[in-house]
Number of protein chains: 2
Amino acid sequence: MNDELLRAWARLSRVAEPPAPGLAALVAEVGAVRAVDRVRRGEVSERVAAETSARRGVERADADLAAASVAGVRIIGPEHPDWPHEPLAALAACGVAELAPPVALWVRGPGRLAARCERAVGVVGSRAATGYGLHVAAELGAGLADRGHTVVSGAAIGIDGAAHRGALGVEGPTVAVLACGADRAYPLAHQALLARITATGLVVSEYPPGSVPARHRFLVRNRLIAGLSAGTVVVEAGLRSGATRTASDAATLGRPVLAVPGPVTSAMSAGSHRLVREGAVLVTRTEEVLEELGPIGAHLATDPPAVRRATDALDTVGRLVHDALPARGAREIGWLAKEAGVPVGAVRVALVDLERRGLVDHHAGRWQLRPEEVRAGGGGTRGWGA
Amino acid sequence: MNDELLRAWARLSRVAEPPAPGLAALVAEVGAVRAVDRVRRGEVSERVAAETSARRGVERADADLAAASVAGVRIIGPEHPDWPHEPLAALAACGVAELAPPVALWVRGPGRLAARCERAVGVVGSRAATGYGLHVAAELGAGLADRGHTVVSGAAIGIDGAAHRGALGVEGPTVAVLACGADRAYPLAHQALLARITATGLVVSEYPPGSVPARHRFLVRNRLIAGLSAGTVVVEAGLRSGATRTASDAATLGRPVLAVPGPVTSAMSAGSHRLVREGAVLVTRTEEVLEELGPIGAHLATDPPAVRRATDALDTVGRLVHDALPARGAREIGWLAKEAGVPVGAVRVALVDLERRGLVDHHAGRWQLRPEEVRAGGGGTRGWGA
């Protein structure tokens, strides 16, 4: 990349606080270099002028690029081959100002962001997660990454961290989108986790190196998790939480919102449940996530194999006759017909079929359940039901 | 009730193993007494002949009524004022043979079944419930009953029992539908629970006194739980469970299916989760259940006064018959009885009333909506409950 472009992206990343819909539109229209030039000369719309007025005079591009370089962070913009055009297109297309696309992204770690986002799934949730939520997030992270999907999250304590760790645990791809500079370790407790992500995955931020994680930036950052992912899974979330905001961003972008249920007695699942009641898809395991995001994964969820019973294959009459047989003792066909409420002829046909299946046998015109069948819980009374 | 009718119901309840769609249709068409007579003389369709062939010769009506009387059990049929016509109409209307309506019901306990079912909610689930599921079922049972809704369930170990107990705990209404005779205590562990239900609620069964709970009867019974309820809530259910079958029956009847989520790590919630994925409404507390079943709830009281229609003052049967009349064209009483799922005698009474109100008229034994009534929007939608 030529230096002029790098400097233009760096300058754009600092000249307005994201999201900056006016500036993003200008960059999309004239490119980064000309956009920088126009902002510098004040030849911009009122909207862009407002977005850039506070920091128009700040000249930090070279210093930011130098600090980034020291920290192993690089910058990319829409003109860069690593830029994830397709995923981010929805941010501009949705027309919602708060969801405006980033003008540039600071990236740390090996690999190309565009490639990482081809099969990416957002996995988000609360910081105050329960052991249950952490377990499920880690399982989902591992399951998705194991199938080659990138796990995108926010590197926060709780669900985010568990999702990243799940992916890392199977040596799968993961992307952390930060609400501070990509050179910072925030939260501090996740310093080692961020180092691991940087080693094999990617850490991404739209904020220049050294930027602090101001509170509003967490919400602003969430649109990028939603934007870089084909769909977003909420694992555990309270009723008011950043994760439900990410889900709402995903919905606005037309991306599937998925939610993992939990006990209705847990406040940490209340947000997930509300999302499902509002239309999110309930998911319980990786296969169901991939099923929903179909085009990015050809997998279709099949139910786990259920226990098969020998009586499963019986038709209605077969089941009636089978149930009519007592646990002990043999019965005549007439008795069975009455007990089962089935005509004698049909009972006879059913008994032949049951015998063929090894479920009953007969002596001297009287039929009974085979002993193995009794032990297995068939027939008789009959502890089965609702 | 006259003895002839009681004996007819008793005989019908034993002459065919439920569900008996042919017999149910015959009873709806000609009434219980004539249906018994025709079955006895063999003047029935092939279908009814097949349903009744095995037990046609069994004469136990007097013995069954005597046994019932000793156990405090009474019998009701469609001609009885306690018969829940409106709820059960959907069973005939859905046209699914396995969901055919009962021909009679044995009832134990104070109160009228029809009244109990006016604001009834099915709460069902697995026998192998977890502590979590039992807690939620009891809370729901108590919450619904506390707001005047009858909790309908199957008295099984597990979720069913917890739901009944929840309702009893707030001295609220509850109805247990059994897969065996209403005189039996099954499961035995619920002997005391059934006694408590009998004291203030109702125990209901379509099987004659002394009938054993054969396996298939649990599934057959489930359609009555769905049929007597305005909607069915599944609290905990495995992937293969009677509770999901009840839910499927409810859906076939056009009644809302609601499911309580739980940990995705619990096999006991797998059935609930699958129901939600297939379209059931996720609910986490009583208020959400009532919200979904709105029209049966106390919310009616707070609704703005609706436009008065001439049909507002009709009783249940009147409304069923009125709704059964097509917008154009005249119909015979037999046809209307079938369409409305109401016995011919009751249709006749209702038509006289409808005529008196100026809603219908008749020529040459065929009845039709009066033209003004068609213009006013009569003869339209059906449906009950939610």
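Within every chain, numbering begins at 1; the chains are lettered A, B, ... in the order of the sequence lines, protein sequences first and strands thereafter. This structure is a prediction, so every number in the text was calculated from the model and none was measured.
Most heavy-atom pairs under 4.5 Å with chain A: of the set B:V276, B:V281, B:T244, this distinction falls to B:V276. Your options are B:E51, B:R285, B:E288, and the one with the most heavy-atom pairs under 4.5 Å with chain A is B:E288. Note on A:V260, A:V136, A:L320: by heavy-atom pairs under 4.5 Å with chain B, the leading option is A:L320. Contact count against chain A (heavy-atom pairs under 4.5 Å) is highest for B:V264 among B:V264, B:T246, B:V283.
Applying the side-chain hydrogen bond (donor to acceptor under 3.5 Å, both in side chains) test to every pair with at least one member in residues 130-143 of chain B, sequence neighbours left out, gives these pairs: B:T130-B:E236.
Neither the backbone nor the side chain of A:V347 comes within contact range of chain B; no heavy atom of the residue lies under 4.5 Å from a heavy atom of that chain. Contact of A:A346 with chain B is not made at all, since no heavy-atom distance falls under 4.5 Å. Heavy atoms closer than 4.5 Å to chain A are found in the side chain of B:S53, but not in its backbone. Contacts of B:V58 with chain A are made by side-chain atoms alone, with heavy-atom separations under 4.5 Å and no backbone atom involved. Of the two parts of B:R217, only the side chain, counted from C-beta on, holds a non-hydrogen atom closer than 4.5 Å to a non-hydrogen atom of chain A.
Around CZ of A:R240, the count of heavy atoms belonging to other residues, nucleotides or ligands within 6.0 Å does not exceed 12. Counting non-hydrogen atoms of neighbouring residues, nucleotides and ligands closer than 6.0 angstrom, the CD atom of A:E355 exceeds 12 such neighbours. Residue-environment remark: CD (B:E59) exceeds the threshold of 12 foreign heavy atoms within 6.0 Å.
In this structure, CZ in B:R215 is found 7.0 Å from NE2 in A:H322, a value given to the nearest 0.5 Å.
Between the A:D323 side chain and the B:A214 main chain, no donor and acceptor come within less than 3.5 Å of each other.
Residue B:H273 comes nearest to A:P261 through the heavy atom pair NE2-CG, 3.2 Å, listed as atom of the first residue, atom of the second, then distance. Residue B:A54 comes nearest to A:A337 through the heavy atom pair CB-O, 3.3 Å, listed as atom of the first residue, atom of the second, then distance.
In summary, A:E291 and B:R277 engage in a salt bridge, as defined by a charged side-chain N under 4.0 Å from a carboxylate O. A:E339 has no carboxylate O lying under 4.0 Å from a charged side-chain N of B:R55, or vice versa, which leaves the two without a salt bridge.
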